[in-house]
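Each remark here refers to the structure printed beneath this line.
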Amino acid sequence: MYIYPDLTESFQTLWRSGLVISPWLEGVGVERFELDIHELLGERSRECALIHWTEVERGRVLGDLPAPERMAQIAVYETAASTAVYLAHQQTGELDVTESIAHEAMRRVEQFVDDHGFATLMQLYMLETCWENLNALRHFGEIPERDYVLGLWHRPWVAYSLGEEVLFASVLGNIELQKRGEHRFVRLTDEGCRVLRAATDALQRAGYFRHRLETLRVSQFSQFHNYDQMDQEIWPYAMEQRQTFLTWAAVQPGQRVLELGCADGVVTFAAGLAERVGPTGFVVAVDPSTGMLARARRKQYQAHVSWVEFRRGKAEQLPVQEERFDMALGVGYFHLTDRPQALREMKRVVRPGGVIASWHPLKMTFTAPFFREWFEPIFTLAAMREEQPKDYLLHPDDAPKDFENAGLEHVETFVSSSVLAFQHAEHVVQHFIRGVGWFGEELAPLPWKAREALIEELMERGRFVCQRYSAQERRIEWPSQAIRARVPKNG
Ligand SMILES: C[S@@+](CC[C@H](N)C(=O)[O-])C[C@H]1O[C@@H](n2cnc3c(N)ncnc32)[C@H](O)[C@@H]1O
């Protein structure tokens with residue numbers, strides 16, 4: 001069996017170098033690149049592989065195994081292409097790649113190869129694609145060879161044949177081809193199952209799945225253009241509750257406030273945070289989603305508010321100086337963070353005696369019949385693991401414990417209930433599944449075609465459920481929690 005070395009360090013280095021191997025970011029059926037950018041990346045990838053994929057580097061990755069010829073060039077191309085989309089997203093919130101971004105992505109790949117060797121890039125790429133391939137076979141049981149080679153079910157973004165990968169995986173004994181009638185099918189062997197388990201463990205250890213989920217979540221959210229409208233429809237009382245939270249957190253005129261997870265400025269403007277603080281204070285509002293920030297800045301421009309500044313960043317790594325704020329707060333962000341790290345950061349930037357606060361939805365059990373019926377496929381996926389669906393929501397004790405462990409004082413909470421109205425199937429699926437990334441942990445590990453088919457199915461089921469149940473029956477009460485605490489005055 002091919003043994004994957006521990007690539008945790010290498011993945012960390014890759015991400016620190018501003019690179020990603022996330023070809024799915026390129027999307028399907030959408031043109032992220034003009035033809036000349038494809039050509040540019042193709043040409044430079046060929047050159048890079050030709051120069052750096054030397055006998056020595058091959059030996060480092062593959063030992064005596066036969067080296068697939070085109071795989072090296074494809075590895076460079078896909079790394080550069082997905083890095084380009086990632087960079088475009090970081091800079092603009094959109095995913096469309098310009099020529100200068102493509103050059104920058106390619107420069108980063110070449111720099112990485114110079115610094116860490118081509119073999120390192122190949123190991124990372126092969127681990128990721130091997131997982132993608134074998135995971136799809138395990139999910140579907142078998143894939144018609146033609147569809148497999150074209151990547152139609154699991155890597156539809158590829159613009160080349162996966163024939164060489166099929167050959168390579170057969171030589172390794174991970175897959176086999178089975179002929180039935182006129183057609184051949186690709187199947188996973190027992191050896192392939194073992195390799196898949198090893199690859200999954202290696203990626204898990206390296207934090208790859210977490211990174212992938214986060215990238216998927218943030219990039220999806222950036223593309224969610226009508227967040228406000230959907231939010232109002234689905235959470236009809238959320239705006240009032242945001243205001244109640246700001247009052248409870250005791251935001252005062254003249255304060256210096258850091259807002260976390262600001263999205264498109266719904267708390268900053270519509271819920272009145274900027275207005276409460278007024279021009280004698282200031283608000284720095286932070287979010288990792290560039291697309292949302294662009295929309296927030298448009299609102300700011302229209303509102304002529306000069307004492308608010310939007311910055312790209314996340315709670316775990318705040319782009320602000322020490323003790324600069326009287327308060328750090330936000331709505332619907334805390335459950336999405338690495339909570340201990342986010343609290344360390346908030347404590348760093350809030351002055352002694354200042355306030356840290358959050359309002360976030362809580363975990364709940366979904367018993368409403370319409371809901372079970374609508375989201376049945378998600379419950380089925382979880383049931384196969386003998387679990388409830390994974391989600392990112394918190395138990396009522398989680399945040400208070402986190403706040404106390406972070407050394408905050410006077411921790412206070414209140415739990416309230418929000419009404420959720422499931423009115424239109426398309427809107428609900430767009431808001432939860434494609435927007436805020438709910439059930440993302442269930443959806444992300446699915447091969448592309450299965451994920452898209454599942455989302456389509458949720459839409460279909462939703463339409464049916466909306467006809468069968470009254471609007472009143474399609475409302476549920478969702479618990480949420482507000483929490484506030486003080487940074488100790490000494491230490
Ligand atoms: C459900 S939205 C809430 C937006 C808004 N505050 C509201 O009241 O509707 C969650 C927001 O948290 C942001 N987010 C995700 N991960 C984050 C992190 N690690 N740190 C800060 N914000 C994050 C998302 O980009 C998104 O804008």
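Here, residue 1 is the first one in the sequence, and each next residue gets the next number. Every value quoted in this text rests on a predicted model; they were computed, and no experiment measured them. First listed ligand is number 1; within each ligand, the first listed atom is number 1.
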**OP:** Kindly assign one of parallel, tilted or perpendicular to the pair H360 and H335, based on the angle between their ring planes and the thresholds 30° and 60°.
**Re:** tilted
Subject >> Whether V267 lies under 4.0 Å from ligand 1, heavy atom >> reply: yes
**OP:** Taking all heavy atoms of R311 and all of P319, pick out the closest pair and write down the distance.
**Re:** NH1-O, 2.6 Å
Subject >> Q111 and D115: side chain donor to acceptor below 3.5 Å >> reply: yes
Original post:
Where do L446 and H139 land on the side chain to side chain contact (heavy atoms under 4.5 Å, CB included) test, with the steps shown first?
Top reply: CA-CA 8 Å; L446 297 179; H139 181 89; 3.6 Å; yes
Original post:
Quick one: nearest non-hydrogen protein atom to atom 15 (C) of ligand 1, plus distance?
Top reply: L336 CD1, 3.6 Å
Subject >> atom 25 (O) of ligand 1: the protein heavy-atom neighbour that sits closest, reported with distance to 0.1 Å >> reply: D287 OD1, 2.7 Å
Original post:
Which residue supplies the protein heavy atom nearest to atom 10 (C) of ligand 1, what is that atom called, and how far is it?
Top reply: G332 O, 3.2 Å
Original post:
Ion pair present between E214 and R217, side-chain N to carboxylate O less than 4.0 angstrom?
Top reply: no
**OP:** Could you tell me which atoms of ligand 1, counted from 1 in the order shown, lie closer than 4.0 angstrom to a heavy atom of T337?
**Re:** 18 (C), 19 (N), 20 (N)
Subject >> Taking every non-hydrogen atom, the tightest pair across L394 and R339 >> reply: CD2-NH1, 3.3 Å
Original post:
Quick one: which ligand 1 atoms are inside 4.0 Å of a heavy atom on K314?
Top reply: 18 (C), 19 (N), 20 (N)
**OP:** Please report the C-alpha distance between R242 and D231 in whole Å, then the side-chain angles of each, then the deciding distance to 0.1 Å, and finally whether the salt bridge (Lys or Arg N to Asp or Glu O under 4.0 Å) criterion is met.
**Re:** CA-CA 12 Å; R242 288 183 183 103; D231 182 73; 3.0 Å; yes
**OP:** Using a strict cut-off of 4.0 Å, indicate which atoms of ligand 1 neighbour a heavy atom of A263.
**Re:** 4 (C), 27 (O)
**OP:** Measure the distance from atom 20 (N) of ligand 1 to every protein heavy atom, then report the residue, atom name and distance (to 0.1 Å) of the closest one.
**Re:** A315 N, 2.9 Å
Original post:
What's the shortest distance from atom 2 (S) of ligand 1 to any protein heavy atom, and which residue and atom give it?
Top reply: Y227 OH, 3.7 Å
**OP:** Measure the distance from atom 19 (N) of ligand 1 to every protein heavy atom, then report the residue, atom name and distance (to 0.1 Å) of the closest one.
**Re:** E316 OE1, 3.0 Å
Subject >> Identified ring pair (Phe, Tyr, Trp, His ring centres under 6.0 Å) partner of F370 from the options F375, F464, F422 >> reply: F422
**OP:** Provide, to 0.1 Å, the distance between atom 26 (C) of ligand 1 and the closest protein heavy atom, together with that atom's residue and name.
**Re:** F221 CE2, 3.2 Å
Original post:
For atom 5 (C) of ligand 1, which candidate among G313, S222, G261 holds the nearest heavy atom?
Top reply: G261
Subject >> For atom 7 (C) of ligand 1, the protein heavy atom that lies nearest, with its residue and separation >> reply: V266 CG1, 3.3 Å
**OP:** Identify, by atom number and element, the atoms of ligand 1 in contact range of R242, meaning under 4.0 Å from any of its heavy atoms.
**Re:** 7 (C), 8 (O), 9 (O)
**OP:** State which residue, out of R297, K299, R295, fulfils the salt bridge (Lys or Arg N to Asp or Glu O under 4.0 Å) condition with D264.
**Re:** K299
**OP:** Please test D287 against R312 for salt bridge (Lys or Arg N to Asp or Glu O under 4.0 Å), starting from the C-alpha separation and ending with a verdict.
**Re:** CA-CA 5 Å; D287 200 286; R312 184 169 174 279; over 6 Å; no
Subject >> Best match, P288, A238, S289, G291: closest heavy atom to atom 22 (N) of ligand 1 >> reply: P288
